[in-house]
Amino acid sequence: MDDLLKWRSEFPILDRTTYLISNSLGAMPRGVQEGLRVYADAWSERGVRAWEESWWQLPGVVAGQIAPLIGAVPGQVSLHQNVTITQAVIASCFDFSGRRNKVVLSDLEFPSIQYFYHEQRRNGARVELVPNEDPVRLDLDRFLRAIDETTLLVPISLVLFRSAFLVDAKAIIERARSVGAHIVFDLFQATGTVPVDVQDLGVDFAVGGVLKWLCGGPGVAYLYVRKDLQTARPRLTGWMAHQRPFAFETGAIDVRADSYRFLNGTPHIPALYACQAGLQILNTVGVAAIREKSLRMTNRLIQGAKRRGWRINTPENPNERGGTVSVECPHAAAVCRELLARDVLVDYRPKAGIRLSPHFYNREEECDMALAQMEQILREGSWETHASAIHA
C-alpha cells in the first residue's frame with residue numbers, strides 16, 4: 001500500500017498525463033488556483049492597502065515555509081526571483097580585487113551559474129572551471145585540489161542537473177573550510193526529494209528554488225545564509241533591504257539586520273501566492289518519505305533501462321543519486337519528443353539523454369510504462385517524425 005498516492009488528487013495534470021518531469025517543473029497543486037484568487041482579490045478589493053495588510057510580509061512568511069525543508073530556521077532565508085539572482089546577491093557581498101579572488105566551478109554545473117561567474121572576471125574574479133572526464137560523476141579529487149588559499153567562492157550543486165549525481169558535500173565543505181573559502185551549495189535538484197540539513201552540514205550559503213521538486217512554479221528562489229555570515233552586506237541591494245523603506249529616505253541605505261538585508265527591489269507577489277500550496281504539501285508529506293519512495297522508483301527505472309541495453313547516465317549506487325534517472329537510448333532527443341506527444345512528460349538534455357523524474361505522487365508502474373513507451377517508439381520508428389525538426 002502506497003500511502004503517498006493519496007496526494008495524487010491534489011495534482012490535476014496526473015489525471016491526463018504520465019508526469020515524470022518534476023526535476024524540471026513540478027506538477028501544479030490544485031491549491032495554486034485558490035492562492036492566485038486570494039492574490040487577485042486582495043489587489044482588486046484592497047488595492048494599495050494590500051501592501052501593508054499582507055504583501056510586504058509575504059516574503060518572510062513563504063521563507064518560513066521553505067526553511068524546514070532545508071533544515072534552516074526562520075530568519076535565515078530570503079526569497080528572490082531565480083537562482084542566478086541569489087548567486088549575484090552572494091557574489092556582491094565579496095571583493096574580488098584581492099589575492100583571494102578565485103571562484104572554483106565544475107564544468108558539470110548548470111550553465112546559468114557558469115555564465116554568471118565567468119562574467120565576474122570583469123570585477124576581478126579568477127574563475128577555475130574544473131573539467132570532468134566522466135559526464136556522470138564529479139571528479140572529487142580534482143575538484144578538491146582546485147580549492148586553495150586563494151579561493152573565495154565555491155558554487156556547487158548538491159545534485160548535478162544532468163546525471164542526478166549526489167556530490168560529497170561534507171568533503172567539499174571540509175576542504176573549503178580548511179583554506180578559508182566559502183561554499184555556495186545549489187540545492188535546486190535536491191530539496192524536496194533528498195533530505196537536506198544546511199545547519200548540520202555547516203554550509204556557508206545555500207540556494208535553490210520552488211520550481212521543481214517543491215511544486216511551487218516559477219518565480220521564487222531562496223537564499224540561505226549561515227547565522228554568523230548574516231552581517232554580510234551585498235552591493236546588489238534595494239529598498240526592501242532598507243530599515244525604513246516607506247520613509248523614502250535619500251542617500252545611502254540603512255541596511256536591515258535580518259534576512260531582508262539580502263533583498264533588493266519589489267518582491268514577486270503573485271509567485272509568492274502561487275508557491276504556497278506545494279510547500280504546504282511537501283512539508284506535510286515529509287522529504288524522508290519522499291526519498292524512500294524515490295529510491296525505489298529510480299532503481300526500477302535503472303533496472304528496466306539496463307534490461308533494454310540502454311546507457312544509464314545516473315549512478316546506480318543509491319547513495320550517489322538524487323531523484324532523476326537519465327537514460328541514453330538510441331535517438332533519445334527524437335524519442336523524447338514523441339513521448340511528449342503521447343502525454344508522457346519527460347525532458348531531454350545533451351550529454352544526459354532522456355531524464356525521467358518520478359515524484360511522490362507517481363505510481364511505480366508509471367516508470368515501467370514510460371520505458372515500455374520508449375521501446376515501442378524505437379520499434380515502430382515513430383521517433384523519425386521528429387528527427388528533422390531536431391536537426392533543423
Side-chain angles (χ1 to χ4, degrees), residues 1-8 11 14 17-27 108 134-138 140 157-169 187-196 212-215 282 285-330 332 335-336 339 344-349 351-378:
M1 179 67 179
D2 186 348
D3 290 338
L4 297 185
L5 290 180
K6 67 184 180 183
W7 294 99
R8 280 183 67 87
F11 299 88
L14 302 184
T17 69
T18 300
Y19 203 88
L20 295 171
I21 197 169
S22 296
N23 67 327
S24 184
L25 176 65
L108 300 177
D134 185 346
V136 174
R137 290 173 171 80
L138 178 76
L140 182 62
S157 290
L158 183 59
V159 174
L160 301 181
F161 83 100
R162 282 197 179 96
S163 66
F165 177 74
L166 184 60
V167 308
D168 188 339
L187 308 179
F188 219 151
Q189 288 289 351
T191 306
T193 191
V194 175
V196 175
K212 306 179 189 296
W213 303 104
L214 297 182
C215 303
L282 267 290
V285 173
V287 180
I290 293 172
R291 176 64 169 167
E292 182 181 353
K293 181 176 179 179
S294 174
L295 288 174
R296 291 199 309 270
M297 291 190 292
T298 51
N299 181 65
R300 192 163 179 155
L301 286 166
I302 288 171
Q303 299 310 316
K306 284 178 65 177
R307 286 195 299 272
R308 292 167 169 87
W310 297 335
R311 177 183 173 88
I312 300 160
N313 290 323
T314 295
E316 289 192 49
N317 182 346
N319 296 320
E320 291 184 339
R321 73 172 181 265
T324 297
V325 176
S326 297
V327 177
E328 189 82 56
C329 70
V335 170
C336 178
L339 286 170
V344 179
L345 303 192
V346 295
D347 67 12
Y348 168 83
R349 294 291 182 268
K351 301 180 183 178
I354 296 173
R355 299 191 304 172
L356 302 106
S357 305
H359 209 359
F360 68 97
Y361 41 58
N362 285 111
R363 297 189 178 97
E364 293 192 32
E365 54 267 28
E366 288 181 293
C367 299
D368 305 330
M369 189 277 287
L371 294 174
Q373 287 283 312
M374 292 166 63
E375 188 174 35
Q376 182 184 44
I377 290 167
L378 289 167

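Hydrogens, waters and symmetry mates play no part in the numbers below; they use all other heavy atoms, side chains included.
Counting only heavy atoms from C-beta outward, the side chains of C367 and L356 never approach each other to under 4.5 Å. No side-chain heavy atom of V167 sits less than 4.5 Å from a side-chain heavy atom of S157. Residues V327 and M374 form a side-chain contact, since some pair of their non-hydrogen atoms from C-beta on lies under 4.5 Å apart. Residues N299 and P318 are not in side-chain contact: their nearest non-hydrogen atoms beyond the backbone lie 4.5 Å or more apart.
Between A370 and V344, the closest heavy-atom pair is CB-CG1, 4.1 Å. Annotation for G322 and V194: closest pair CA-CG2, 3.9 Å, computed over non-hydrogen atoms. Of all heavy-atom pairs spanning L282 and C215, the tightest one is CD2-SG, 4.5 Å. Closest heavy-atom contact between V285 and I290: CG1-CG1, 3.7 Å. The two atoms that bring P358 and G323 nearest to each other are CD-O, 3.8 Å, heavy atoms only. Smallest separation of non-hydrogen atoms from R321 and P315: CD-O, 3.4 Å.
For the atom pair NZ (K212) and OG (S24), the distance works out to 5.0 Å, reported to the nearest 0.5 Å. Atom CZ of R308 is separated from atom CD of E375 by 4.5 Å, given to the nearest 0.5 angstrom. Note that OG1 of T191 is 8.0 Å distant from CG of L158, once rounded to the nearest 0.5 Å. Atom OG1 of residue T193 and atom CZ of residue R291 lie 6.5 Å apart, to the nearest 0.5 angstrom. The line from OG of S326 to CD1 of I302 is 9.5 Å long, rounded to the nearest 0.5 Å. Between Q376 atom CD and L371 atom CG the span is 13.0 Å, to the nearest 0.5 Å.
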CA sep, side-chain torsions, deciding dist, call: V335, Y348, side chain to side chain contact (heavy atoms under 4.5 Å, CB included): CA-CA 9 Å; V335 170; Y348 168 83; over 6 Å; no
N319 and L166: CA distance, side-chain angles, deciding distance, side chain to side chain contact (heavy atoms under 4.5 Å, CB included) verdict: CA-CA 7 Å; N319 296 320; L166 184 60; over 6 Å; no
Worked verdict on Y361 versus Y19 for side chain to side chain contact (heavy atoms under 4.5 Å, CB included): CA-CA 9 Å; Y361 41 58; Y19 203 88; 4.0 Å; yes
Test side chain to side chain contact (heavy atoms under 4.5 Å, CB included) applied to L20 and N362, step by step: CA-CA 8 Å; L20 295 171; N362 285 111; 3.8 Å; yes
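Using a distance-only test at 3.5 Å, with no hydrogens or angles considered, a donor-acceptor pair links the side chain of T298 to the main chain of L295. In this structure a side-chain-to-backbone donor-acceptor pair under 3.5 Å is missing from Q189 to A164. Here the side chain of S163 pairs a donor or acceptor atom with the backbone of V136 at under 3.5 angstrom.
F161 is linked by a ring pair (Phe, Tyr, Trp, His ring centres under 6.0 Å) to F110, counting only residues two or more places apart in sequence or in another chain. Listed by chain and residue number, K306 satisfy the salt bridge (charged side-chain N to carboxylate O under 4.0 Å, His left out) test with E316 (two or more places apart in sequence, or in another chain). Contacts of R137 classified as side-chain hydrogen bond (donor to acceptor under 3.5 Å, both in side chains), with partners at least two apart in sequence or in another chain: E320. The side-chain contact (heavy atoms from CB on, under 4.5 Å) search around R162 returns K351, A352, not counting sequence neighbours. In this structure D134 satisfies the side-chain hydrogen bond (donor to acceptor under 3.5 Å, both in side chains) test with no other residue, sequence neighbours excluded. Remark: R363 pairs with L5, R8, E365, E366 by the side-chain contact (heavy atoms from CB on, under 4.5 Å) rule, at least two apart or across chains.
Ring geometry for H359 against W213 counts as perpendicular: the plane angle is over 60°, on a 0 to 90° scale with 30° as the lower cut.
In the displayed structure, Q303 atom CD is contacted under 6.0 Å by more than 12 heavy atoms of other residues, nucleotides or ligands.
Here the options are D347, N313, T324, T314, the test is side-chain hydrogen bond (donor to acceptor under 3.5 Å, both in side chains), and the partner is R355; only D347 passes.
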